[in-house]
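Beneath this line is the structure, given in structure tokens, with notes to follow.
Counting starts at 1 for both ligands and their atoms, following the listed order.
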Amino acid sequence: MKVVVKLGGSLITDKAKPFTAREDIIRMAARAAGKSIENGSQILIVHGGGSFGHVVAKSEIELYGELRGSSVPPVSEAMMELNNKVMKYLLEAGAMAVSFPPHSFCLNSCSKGTYSCYFEPLLRAFSLGLTPVTFGDILIGEDGCRPSIISGDDLSLILAEKVGAERVVFATNVEGIYRDLSDPLSLITQLRLHEIPKILSEIRLSQTSVADVTSGLPGKLMKIYRYLSSSMNKPEVAIIDGSRSEVLKKALSGGEIEGTLILP
Ligand code: IPE
């Protein structure tokens with residue numbers, strides 16, 4: 001099975017502590033990916049920024065009111081630092097992982113309201129049976145555009161379409177989508193893509209105070225809806241608790257989803 005997995009920043013870092021990776025979780029997730037590859041899955045890995053990229057991007061915005069050219073080095077460096085850790089554990093786990101930092105192959109194209117990326121080398125690596133690893137990052141702007149952040153969620157959904165993924169797994173630090181965050185019995189185990197807008201209007205949003213310059217779970221749902229509604233290839237999308245090794249392994253190996261499964 002072709003799977004795109006996004007390892008969320010809240011899963012692989014401690015979002016409350018700047019520059020703190022959860023190395024035990026990264027090691028476990030890397031082993032789960034390694035096992036699934038052994039079992040025949042073709043995996044493309046995307047990771048988030050957590051207390052690395054988000055913290056630096058937020059402090060740049062606080063200092064200057066916006067991201068500027070000079071924000072690119074510190075934000076991209078923070079992301080490279082986290083990416084190095086992810087890469088180290090993937091290689092240790094036997095995955096033929098190869099890193100593709102978006103700041104080196106994408107531009108922020110503000111006139112088109114999108115990103116312009118040269119994905120060919122990454123796609124070629126995937127088709128050769130390697131495991132590409134990319135991440136949410138800061139992008140230099142095209143002529144007349146400021147830098148912007150591309151989130152790992154966007155990259156996951158864009159790449160899922162490009163590689164014809166059958167499944168996209170969002171490995172997060174929660175069990176899935178809850179109708180009511182204060183009620184553990186309200187986990188939504190399965191829903192259809194077209195139900196997302198209705199569910200979004202019902203979800204009670206929780207206030208979060210930690211640094212996140214992209215979005216939380218509702219933002220993720222909205223993106224899933226937007227991208228997949230206009231996509232030719234409609235993979236199933238799973239939102240799972242990535243800190244549970246068995247849950248992650250099953251999700252990456254094409255097995256049953258424990259969490260929220262969104263069907264086309
Ligand atoms: C953000 O990526 C990257 C930067 C802020 C540079 P994501 O938006 O995918 O990160 P998480 O998963 O929410 O932490």
For [X], counting its heavy atoms only, list the atoms of ligand 1 lying under 4.0 Å from any of them.
X	value
Gly50	14 (O)
Gly8	12 (O)
Gly136	2 (O), 3 (C)
His54	1 (C), 5 (C), 7 (P), 8 (O), 10 (O), 11 (P), 13 (O), 14 (O)
Gly152	2 (O), 7 (P), 9 (O)
Lys15	13 (O), 14 (O)
Val75	6 (C)

What residue among Lys6, Lys220, Lys223 forms salt bridge (Lys or Arg N to Asp or Glu O under 4.0 Å) with Asp154?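 Of all the options given, the one that passes is Lys223.
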Any ion pair linking Lys85 and Glu81 (charged N to carboxylate O, less than 4.0 Å)?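 No salt bridge links Glu81 with Lys85.
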Strictly below 4.0 Å, N to O, side chains only: are Glu62 and Lys58 in salt-bridge contact?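 Looking at Lys58 together with Glu62, the answer is yes, because their closest N to O distance falls below 4.0 Å.
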Got a sec, which residues hit side chain to side chain contact (heavy atoms under 4.5 Å, CB included) with Gln42, two or more places apart in sequence or on another chain?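 Gln42 satisfies side chain to side chain contact (heavy atoms under 4.5 Å, CB included) with Lys2, Phe126 only.
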Asp137, any N or O under 3.5 Å of ligand 1 N or O: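 No, no N or O pair falls under 3.5 Å.
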With nothing but distance in play, are any N or O atoms of Gly9 less than 3.5 Å from an N or O of ligand 1?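 It does: an N or O of Gly9 is found under 3.5 Å from an N or O of ligand 1.
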Go through the steps for Tyr89 and Ile25 under the test side chain to side chain contact (heavy atoms under 4.5 Å, CB included), then give the verdict. CA-CA 10 Å; Tyr89 289 113; Ile25 299 264; over 6 Å; no
Parallel, tilted or perpendicular: which one describes the rings of His103 and Phe135, with boundaries at 30° and 60°?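 Ring orientation, 0 to 90° scale: tilted.
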Could you tell me the separation between the OG atom of Ser243 and the CG atom of Asp24, rounded to the nearest 0.5 Å?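 Here the interatomic distance stands at 10.0 Å.
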When you measure from atom 4 (C) of ligand 1 to each heavy atom in Thr13, Ile149, Thr172, Leu155, which option holds the nearest one?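 Selected option, by shortest heavy-atom distance: Ile149.
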